[in-house]
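We're numbering straight along the sequence, starting at 1.
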Amino acid sequence: PRHVVIMGCGQIGATVATTLSEAGHTLHILDLDPVAFDLLPPGMVAYGQIVPIVGDGTLEENLRRASTQDADIFIAVAGRDATNALAAQIARHLLQVPRVICRIDDPTRKEMYGRLGLIAVSATTLAAEMVLDSTGR
């Protein structure tokens with residue numbers, strides 16, 4: 001089992017956290033809005049399989065509270081590219097997390113952050129590819 005920290009508890013963050021927890025990984029999930037944690041399965045939270053932490057993932061002290069420095073994987077899937085990129089860079093370069101994944105919807109920025117050693121994924125690119133595949137091109 002790996003220790004995973006996720007920043008952003010929207011639909012993507014909650015789904016990823018739930019799936020990884022079901023696979024046996026330990027999870028900490030950060031979000032500024034405590035109401036966001038309502039998306040998590042209550043049983044997983046109650047039994048400590050997923051640990052919600054109210055905090056700002058762009059602040060090193062909050063990332064440390066989530067044990068990011070001990071994480072095997074850090075995932076940034078908050079709502080804004082800039083927030084995800086900043087948190088991912090702190091996790092990778094300051095806290096030395098070996099595998100860092102961040103959602104960057106702007107395709108140009110996605111490439112740039114990929115060159116900085118981050119695994120950048122783009123919902124925009126993925127959705128566009130799925131739509132184009134569905135048209136039969």
Side-chain angles (χ1 to χ4, degrees):
R2 293 182 262 179
H3 174 57
V4 181
V5 176
I6 299 174
M7 181 194 74
C9 193
Q11 290 295 329
I12 295 171
T15 301
V16 170
T18 301
T19 303
L20 290 175
S21 181
E22 288 171 347
H25 303 296
T26 60
L27 268 290
H28 284 85
I29 189 161
L30 275 162
D31 202 289
L32 285 169
D33 183 4
V35 175
F37 301 130
D38 291 346
L39 293 172
L40 299 170
M44 289 183 160
V45 173
Y47 291 110
Q49 294 167 280
I50 300 174
V51 178
I53 298 169
V54 177
D56 183 343
T58 64
L59 297 176
E60 184 180 351
E61 67 188 58
N62 288 331
L63 289 170
R64 287 188 183 279
R65 261 192 318 121
S67 301
T68 305
Q69 67 278 9
D70 300 320
D72 300 297
I73 301 171
F74 177 79
I75 302 168
V77 288
R80 297 185 55 221
D81 285 359
T83 302
N84 291 334
L86 178 56
Q89 289 181 82
I90 293 168
R92 179 75 187 108
H93 300 291
L94 291 178
L95 301 177
Q96 303 295 304
V97 178
R99 188 172 191 86
V100 175
I101 303 162
C102 64
R103 187 184 103 195
I104 304 290
D105 285 333
D106 180 310
T108 304
R109 287 185 181 159
K110 176 185 172 285
E111 273 187 45
M112 179 183 72
Y113 288 113
R115 289 191 301 267
L116 293 174
L118 306 174
I119 299 168
V121 296
S122 168
T124 303
T125 302
L126 180 61
E129 287 174 8
M130 291 175 73
V131 167
L132 290 170
D133 288 347
S134 297
T135 68
R137 295 188 202 209

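Within the 4.5 Å cutoff, no side-chain heavy atoms of Gln49 are placed close to those of Glu22.
Heavy-atom neighbours of Arg65 CZ from other residues, nucleotides or ligands within 6.0 Å: above the threshold of 12. Heavy-atom contacts from other residues, nucleotides or ligands closer than 6.0 Å to CZ of Arg80 number 12 or fewer.
Under the 4.5 Å side-chain heavy-atom criterion for ILVMFWY residues, no single connected hydrophobic cluster contains both Val77 and Leu39.
Shown here are the side-chain contact (heavy atoms from CB on, under 4.5 Å) partners of Gln89, two or more places apart in sequence or in another chain: Ala85, His93, Tyr113, Leu116, Leu118. In this view, Asp56 and Thr58 satisfy the side chain to side chain donor-acceptor pair (under 3.5 Å) rule, not counting sequence neighbours.
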Evaluation steps, side chain to side chain contact (heavy atoms under 4.5 Å, CB included), between Leu30 and Leu63: CA-CA 8 Å; Leu30 275 162; Leu63 289 170; 3.7 Å; yes

Chi angles and distances behind the side chain to side chain contact (heavy atoms under 4.5 Å, CB included) call for Phe37, Val54: CA-CA 9 Å; Phe37 301 130; Val54 177; 3.7 Å; yes

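The CE atom of Met7 sits 8.5 Å away from the CG atom of Leu32 when rounded to the nearest 0.5 Å.
Considering every non-hydrogen atom in both Ala14 and Ile29, the closest pair reads N-CD1, 4.4 Å.
When the options Asp72, Asp70, Thr26 are evaluated for a side chain to side chain donor-acceptor pair (under 3.5 Å) with His3, the one that passes is Thr26.
In this structure, the side chain of His28 does not engage the main chain of Val5 through any donor-acceptor pair within 3.5 Å. Put simply, the side chain of Thr15 gets close to the backbone of Gln11: a donor and an acceptor are under 3.5 Å apart.
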